[in-house]
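Each chain gets a letter, A, B and so on, in the order the sequences are listed, and its residues count up from 1. Just so it is clear, the values below take in all heavy atoms, side chains as well, and ignore hydrogens, waters and symmetry mates.
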Amino acid sequence: MSKYIVTSALPYANGKLHIGHVAGAYLPADIFVRYLRLKREDVIYICGTDEHGAPISIKAEKEGLTPQAIVDRYHKSIKESFDGLNIEFDNFSGTSRKPHYDLSQQFFTELHENGYITSKITKQFYDEAESRFLPDRYVEGICPHCGAEGARGDQCDACGKLIDSITLIKPISKVSGSTPVIKETKQWYLNLPKFTDQLKEWLDTKTYWKENVRNFILSWLNEGLIERAITRDINWGVPVPLDEADGKVLYVWFDAPIGYISSTIEWAQNQGKPELWKDYWLDQSTKLIHFIGKDNIPFHTIMWPSFVMGQNESYVLPHDVPANEYLNLEGDKISTSRNWAIWVDEFIKYFDGEYLRYVLAVNAPEKQDNDFLWKDFQNKINTELNNVLGNLANRVFSFSKKHFDGLVEKPKQLSEASQTTLKQVNELSLETDHCYQSYQVRKAVKTILDIARLGNRYFDEREPWKAIKVDKTSVQETIYTCCEILRVISVVMTPILPNFMSQLREIMGIKQKPLWEELTSNPYPLQLENIRRIFQKVEDNQIEEQLKLLQENALANKEPERINFKELKPEIEFDDFMKLDIRIAKILTAEKVKKTDKLLKITADIGGKEIELIAGLAKSYSPENIIDKKVVMLLNLKPRKIKGILSQGMILAADDGETLSVLLADKDIKTGSEIG
RNA sequence: GGCGGCAUAGCUCAGUUGGUUAGAGCACUGGAAUCAUAAUCCAGGUGUCCGGGGUUCGAGUCCCUGUGCCGCUACCA
């Protein structure tokens, strides 16, 4: 029997958990693990929070807390959300713990010693007031691409471009507010190209991987791998274990996947068997399975295997990486920043967490992005869980209670109808087995529903409410057969709804923990007890309430009519301002620049003279929208050629990240008027 | 503009390597039943499989092309 290590992508500890996370990486893994346990497989389910990186330290500084305090807060919040959904890890660690530091440093050291890491001198901003290097996200300035203010060093929120941070115009340190200087610094790079052949060879054996995953990897490999920096100049992270790297830490994406191993080490220690983790990670027959969202595919199939290949120890490589697609919400992308999400901690205040498990399982984004609709949620809970499954249990149990005081015995002989039904049930249960094995959760649930439908049909055909008047034995047989169906469901549905199924079994008087092998056992007679409905319906007003909440949250999030105050740029002299030549210009013609999304080619009258320029306005202004407008234009900026056209002016426009708005004069004023 | 993905019933989605008459659930209509949470069961589908072309004995599936949407990427003085 082979061993399994199942992991889910480490959730980042700077925010709460939403249903998209759950649908993509955590629920499918939990279901798979629970299935393996039903089959008595040797499996450990490992996870933890990803606790390093600049976003966490920025959040900490904003709130005046230590990074550790932020991490602790979200670690707790995320763990509680998992608990509310009965997602149970064998170990849920965090990457800011000691064993993780030790192991991550070891990974780095061995890669370094084995010649896979090289160092390079790069230029980076340095804050002299704080005497430290500034990571990209700690620097703000004018975006060199779109000219928007408040662009972070790694990316501009306004235009979404990635930025080489030292190209930022008028940079400001977010730490001290001073202007940073550019200094040289040494960073260490992982030589990914060196792994190319080994990776290709290894990936060639993974013919059984999901198609979407394979396609993704192939395009990556074809484009060619490049060296990647794996160190950073910040003080929150795992210190780089080199004397010359004082004050530098490992980049968060380097240390995060190592958390899978360090969390297992922590687990082994908690078991009182500190060496136990080796039985899993160092045994080449162990099946290591990473459940992730599709955005994580390159890390888990290219980078992470490379780290492992460069080690002295033979850690096991991923056996499978069943990545899921995305979950949308009410037709729109889930978005944390727009607060368009269903947060798990909110959800479990209103509904049983296993309702969410059910709907996310039956609607899992396995091959395609899927949509979560509240109306659909209600529908599935009511018509499938309540009407089909819940009602089957209730009608059978009530009937038994009424006529046999809840005692269910196995008949000596079964009619052909009952035998046929049970045979069909058996076939369907085998099908669910196959579904679970191949990560087809939605099909598994549908098949289980078919088992319940079979039960309802059988019950109807047997008409026990008529038979009870003439033939009690036949009714006993009916109830027995239906209980068999429910017993099968109580096992095969356990991965999806562990707690509800345990309630079902409790009612049936089955004490043992569910195991797949019990499908062929005979626990009769059974004494039903404490008969009750286990599922409740979701009412219309509950759904309306949630829809309203969703809209309100999204609106509340938009509410601030202003952008948070940013530090002003350094003072300038009046003369500096006077250097700018800004005038009112009238747009004469405008047309889209071919082969671009954002660019407009514009001619403008600046007061008896025509100029030509390029403006990045096309996302907000169509040509006819802008023609004839009298805009504010900076005219003495050094002209630059864009797309073969010499751009001789810059239309001034404001950008809040969503809307781009050109500046217009308040009154009708003559073209060419100077501004000052 | 480049690369990749997607497009199937009113809705949410399945459709394995090309192979009978393209499916499921929900919704809808009619009927049966009254044990059960008004829950169940039976019956009911004229869908340009996004449009157009091609390969093939045969295309939802493969190829070309057009359109629309999504992701990454480029252009923003």
Side-chain angles (χ1 to χ4, degrees), chain A residues 142-148 156 158-162 169 212 215-216 218-220 222-223 294-295 325-326 328 333 359 362-373 375-380 382-403 438 440 442-443 445-446 449-450 452-453 455-468 475 478-479 482 532-537 593-600 613-619 633-644 646-653 655 660:
Chain A
I142 297 174
C143 173
H145 301 294
C146 69
C156 169
C159 66
K161 288 288 137 40
L162 296 178
I169 300 160
N212 56 345
N215 287 345
F216 210 109
L218 287 178
S219 70
W220 255 65
N222 288 341
E223 280 170 26
K294 64 178 166 187
D295 52 331
E325 303 290 305
Y326 283 151
N328 293 326
K333 251 172 74 173
V359 173
V362 79
N363 206 19
E366 283 165 0
K367 301 193 171 173
Q368 210 179 77
D369 290 359
N370 272 15
D371 210 3
F372 181 98
L373 304 168
K375 201 67 198 159
D376 185 56
F377 166 82
Q378 179 193 25
N379 212 335
K380 290 217 155 67
N382 290 357
T383 62
E384 296 179 9
L385 270 192
N386 279 276
N387 294 354
V388 176
L389 179 53
N391 185 50
L392 173 67
N394 197 44
R395 71 199 295 207
V396 171
F397 294 161
S398 309
F399 210 85
S400 165
K401 177 78 180 167
K402 197 160 158 190
H403 299 287
S438 48
Q440 299 180 70
R442 45 192 306 157
K443 195 172 171 197
V445 182
K446 285 181 181 191
L449 255 281
D450 283 341
R453 290 196 173 95
N456 275 318
R457 189 195 310 157
Y458 169 84
F459 197 87
D460 272 18
E461 282 167 358
R462 299 278 296 180
E463 299 187 312
W465 54 91
K466 281 183 189 165
I468 191 70
V475 177
T478 305
I479 292 175
C482 289
R532 63 191 185 279
R533 304 171 186 180
I534 55 174
F535 303 116
Q536 265 73 45
K537 290 200 175 177
V593 180
K594 280 180 189 153
K595 301 184 185 181
T596 67
D597 277 351
K598 296 186 182 177
L599 303 189
L600 291 178
L613 67 145
I614 296 290
L617 299 172
K619 283 246 161 135
M633 199 178 283
L634 176 61
L635 291 164
N636 62 338
L637 199 56
K638 188 176 174 187
R640 184 170 143 182
K641 225 174 195 182
I642 298 162
K643 290 279 160 192
L646 193 65
S647 183
Q648 299 170 289
M650 174 172 162
I651 297 175
L652 300 189
D655 186 357
L660 188 67

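- Here CG of A:Leu373 is found 8.0 Å from CG of A:Asn363. Values are rounded to the nearest 0.5 Å.
- A:Glu463 comes within contact range of no nucleotide atom at all, as no heavy-atom separation falls under 4.0 Å.
- You'll find the side chain of A:Leu635 stays beyond 4.5 Å of the side chain of A:Gln648, heavy atoms only.
- The distance between atom CZ of A:Phe399 and atom P of B:C35, rounded to the nearest whole Å, is 8 Å.
- The closest donor-acceptor contact from the side chain of A:Glu366 to the backbone of A:Arg442 lies under 3.5 Å.
- Scanning both residues, A:Leu599 and A:Gly616, for their nearest heavy atoms gives CD2-CA, 4.0 Å.
- Using C1' as the reference atom, B:C28 and B:U65 are 39 Å apart when rounded to the nearest Å.
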CA sep, side-chain torsions, deciding dist, call: A:Val475, A:His403, side-chain contact (heavy atoms from CB on, under 4.5 Å) = CA-CA 9 Å; A:Val475 177; A:His403 299 287; 5.7 Å; no
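- In this model, the phosphate group of B:A33 is not approached by any side-chain N or O of A:Lys466 to a distance below 4.0 Å at OP1 or OP2.
- The residue among A:Asp450 and A:Asn394 whose nearest nucleotide of RNA chain B is located toward the 5' end is A:Asp450.
- One interatomic measurement links the two molecules: NZ of A:Lys638 to C1' of B:A77, which rounds to 11 Å at whole-angstrom precision.
- A:Lys375 and A:Gln378 get closest at one heavy-atom pair: NZ-OE1, 2.9 Å.
- Looking at heavy-atom distances under 4.0 Å, A:Lys375 makes no contact with the nucleic acid at all.
- Distance CG (A:Asp369) to P (B:C13): 9 Å, rounded to an integer number of Å.
- With a cut-off of 3.5 Å on both pairing distances, the Watson-Crick or G-U wobble partner of B:A24 is B:U12.
- Nucleotides B:G30 and B:G71 place their P atoms 44 Å apart, quoted to the nearest Å.
- The base-pairing partner of B:G51, taking Watson-Crick or G-U wobble contacts with both distances under 3.5 Å, is B:U65.
- A:Asp369 places a side-chain N or O within 3.5 Å of a backbone atom of A:Tyr326 that can act as its donor or acceptor partner.
- Pair assignment for B:G45: none, as no Watson-Crick or G-U wobble contacts are both less than 3.5 Å.
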Could you walk me through whether A:Asn387 and A:Lys537 pass side-chain contact (heavy atoms from CB on, under 4.5 Å), step by step?
-> CA-CA 9 Å; A:Asn387 294 354; A:Lys537 290 200 175 177; 3.1 Å; yes
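- In this structure, A:Phe459 reaches the bases: a heavy-atom distance under 4.0 Å links it to at least one base atom across the strands shown.
- The shortest heavy-atom contact between A:Gly455 and A:Cys482 is O-SG, 4.4 Å.
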Could you go through nucleotides 8-12 of chain B and list every protein N or O atom that sits under 3.5 Å from one of its N or O atoms, giving the distance for each pair?
residue: B:U12; atom: O2'; partner: A:Asn363; partner atom: OD1; Å: 3.4

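- Counting to the nearest Å, the P atom of B:C35 and the OH atom of A:Tyr458 are 18 Å from each other.
- Taking atom P in both B:G44 and B:A24, the straight-line distance is 10 Å, to the nearest Å.
- On the C1' atoms, B:A22 is 14 Å away from B:U46, given to the nearest whole Å.
- The NZ atom of A:Lys443 sits 11 Å away from the P atom of B:U16 (whole-angstrom rounding).
- Across the C1' atoms, B:U73 and B:G60 are found 31 Å apart, a figure rounded to whole Å.
- For the P atom pair drawn from B:U21 and B:G47, the interatomic distance equals 15 Å after rounding to whole Å.
- In this structure, the nucleotide among B:G25, B:U37, B:A36 sitting nearest to the side chain of A:Phe535 is B:U37.
- Nucleotide B:C70 holds its P atom 15 Å from the OH atom of A:Tyr326, rounded to whole Å.
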Protein-nucleotides 39-43 of chain B N/O pairs under 3.5 Å:
residue: B:A39; atom: OP1; partner: A:Lys537; partner atom: NZ; Å: 3.1
residue: B:A39; atom: O5'; partner: A:Lys537; partner atom: NZ; Å: 3.3
residue: B:A39; atom: O2'; partner: A:Asn387; partner atom: O; Å: 3.1
residue: B:A39; atom: O2'; partner: A:Asn391; partner atom: OD1; Å: 3.4
residue: B:A39; atom: O2'; partner: A:Asn391; partner atom: ND2; Å: 2.3
residue: B:U40; atom: O2'; partner: A:Arg395; partner atom: NH1; Å: 3.2
residue: B:U40; atom: O2'; partner: A:Asp460; partner atom: OD1; Å: 3.3
residue: B:U40; atom: O2'; partner: A:Asp460; partner atom: OD2; Å: 3.0
residue: B:U40; atom: O2; partner: A:Asp460; partner atom: OD2; Å: 3.2
residue: B:C41; atom: O4'; partner: A:Asp460; partner atom: OD2; Å: 2.6
residue: B:C42; atom: OP1; partner: A:Arg457; partner atom: NE; Å: 2.9

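- A:Asn370 is not listed as a side-chain neighbour of A:Glu325, based on a closest heavy-atom distance of 4.5 Å or more.
- Here B:A36 sits opposite no nucleotide as a Watson-Crick or G-U wobble pair (both hydrogen-bonding atom distances under 3.5 Å).
- Nucleotides B:C69 and B:U55 are separated by 29 Å at their C1' atoms, to the nearest Å.
- In this structure, CG of A:Asp295 is placed 19 Å from P of B:C70, rounded to the nearest angstrom.
- For B:G15, one of the phosphate oxygens OP1 or OP2 lies less than 4.0 angstrom from a side-chain nitrogen or oxygen of A:Lys367.
- Annotation: B:G45 and B:G10 have their C1' atoms spaced 12 Å apart (nearest Å).
- Note on A:Lys380 versus A:Asp376: salt bridge recorded, some NZ/NE/NH1/NH2 to OD/OE distance being below 4.0 Å.
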Exercise answer: donor-acceptor pairs, residues 389-402 of chain A side-chain atoms, under 3.5 Å, sequence neighbours excluded:
residue: A:Arg395; atom: NH1; partner: A:Asn456; partner atom: OD1; Å: 2.8
residue: A:Arg395; atom: NH2; partner: A:Asp460; partner atom: OD1; Å: 2.8
residue: A:Ser398; atom: OG; partner: A:Asn394; partner atom: O; Å: 2.5

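- Using a 4.0 Å heavy-atom distance criterion, A:Ala615 is classed as a sugar-phosphate-only contact.
- Distance, A:Lys401 NZ to B:A36 C1': 16 Å, rounded to whole Å.
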